[in-house]
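Worksheet: the structure to be examined is printed underneath.
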Amino acid sequence: MTVTHEKDKNRFTMNINGDIARVDYQLKDNKMYLTYSEIPHHLRGQGYGKILVEKTFEQLTKEGYNAKAVCSYTRAVARRSEKWNTIIE
C-alpha cells in the first residue's frame, strides 16, 4: 500500500481496495499540523489506520517537512513508536 500526497487538498491518501483512507493537514511555516485521520468505517480495527499514519510520516519526512500530530490518533501512533516519537511532535 502506498500513500499519495495530494498537496492541492492538504491531505495524504491511501487506497484500500477502492476505499480511500486519509490524513488531513494544515501547512504553516513549512510545518504540517496533522489535524484529522479517517479510515472507512467497515475497514476499522484491521490495522489500516496505523499503516496509513506511519506511511504518512515516512512521506512527509522524505519531502522535508516537520510535523505536529494534532489528531489524537496520529499523536498516539507517533508516541508509541521509538522511530517517530522523536520526529513527530
Side-chain angles (χ1 to χ4, degrees):
M1 280 184 245
T2 60
V3 165
T4 302
H5 186 184
E6 297 180 9
K7 291 180 182 182
D8 59 322
K9 296 180 181 176
N10 286 5
R11 68 182 184 183
F12 292 88
T13 59
M14 184 172 73
N15 187 317
I16 307 167
N17 300 321
D19 291 302
I20 302 299
R22 73 179 206 256
V23 173
D24 296 343
Y25 66 86
Q26 293 178 354
L27 189 62
K28 184 177 180 181
D29 299 326
N30 207 40
K31 181 179 256 185
M32 287 185 174
Y33 292 83
L34 307 173
T35 58
Y36 181 75
S37 62
E38 181 178 60
I39 300 295
H41 187 67
H42 65 283
L43 295 173
R44 293 178 187 171
Q46 299 176 45
Y48 292 118
K50 183 178 179 185
I51 294 167
L52 168 68
V53 170
E54 289 186 339
K55 287 189 175 288
T56 295
F57 291 167
E58 289 171 7
Q59 187 63 36
L60 70 87
T61 55
K62 185 188 304 183
E63 293 179 19
Y65 293 101
N66 292 316
K68 179 174 178 72
V70 178
C71 163
S72 60
Y73 186 75
T74 58
R75 190 170 50 247
V77 171
R79 287 183 179 162
R80 291 181 189 141
S81 167
E82 287 184 30
K83 179 178 181 179
W84 298 115
N85 66 11
T86 58
I87 298 170
I88 307 295
E89 288 182 48

- [ ] Measure the CE-CD1 distance between M14 and I51 for me, rounded to the nearest 0.5 Å.
- [x] 6.0 Å
Task: Partner of Y48 by side-chain contact (heavy atoms from CB on, under 4.5 Å), out of L43, V53, D19 - done: L43
- [ ] Using the six-membered ring wherever Trp is involved, compare the ring planes of H5 and F12 and label them parallel, tilted or perpendicular (cut-offs 30° and 60°).
- [x] parallel
Open item on the list: Evaluate Y36 against V23 for side chain to side chain contact (heavy atoms under 4.5 Å, CB included), listing each step before the verdict.
Closed with: CA-CA 6 Å; Y36 181 75; V23 173; over 6 Å; no
Task: Spacing of CZ belonging to R75 relative to CD1 belonging to I88, to within rounding of 0.5 Å - done: 13.0 Å
Task: Y65 with F57, same ILVMFWY side-chain cluster at under 4.5 Å - done: yes
- [ ] Working to the nearest 0.5 Å, report the span between CZ of R11 and OG1 of T4.
- [x] 10.0 Å
TODO: Enter the distance from K62:NZ to K55:NZ here, rounded to the nearest 0.5 Å.
DONE: 9.0 Å
TODO: Mark yes or no for whether Y73, through its side chain, and K50, through its backbone, hold a donor-acceptor pair below 3.5 Å.
DONE: yes
Task: Side-chain (S81) to main-chain (A78) donor-acceptor, under 3.5 angstrom - done: no
Task: Minimum-distance pair of heavy atoms, taken over all atoms of N30 and G64 - done: ND2-O, 4.0 Å
TODO: Give a yes or no on this: more than 12 heavy atoms of other residues, nucleotides or ligands lie within 6.0 Å of atom CG of N17.
DONE: no
Open item on the list: So, taking the atom named CD1 in I39 and the one named CG in L52, what distance separates them when rounded to the nearest 0.5 Å?
Closed with: 4.5 Å
- [ ] Taking atom CZ of R79 as the centre, report whether more than 12 heavy atoms of other residues, nucleotides or ligands fall under 6.0 Å from it.
- [x] no
- [ ] Could you verify whether a donor N or O on one side chain and an acceptor N or O on the other, from T13 and E6, lie under 3.5 Å apart?
- [x] yes
Open item on the list: Within this structure, what is the CD-CG distance for the pair E58 and L60, rounded to the nearest 0.5 Å?
Closed with: 9.5 Å
Task: Over 12 foreign heavy atoms within 6.0 Å of CG, D8 - done: yes
TODO: Please indicate whether Q46 has more than 12 foreign heavy atoms, meaning atoms of other residues, nucleotides or ligands, lying under 6.0 Å from its CD.
DONE: yes
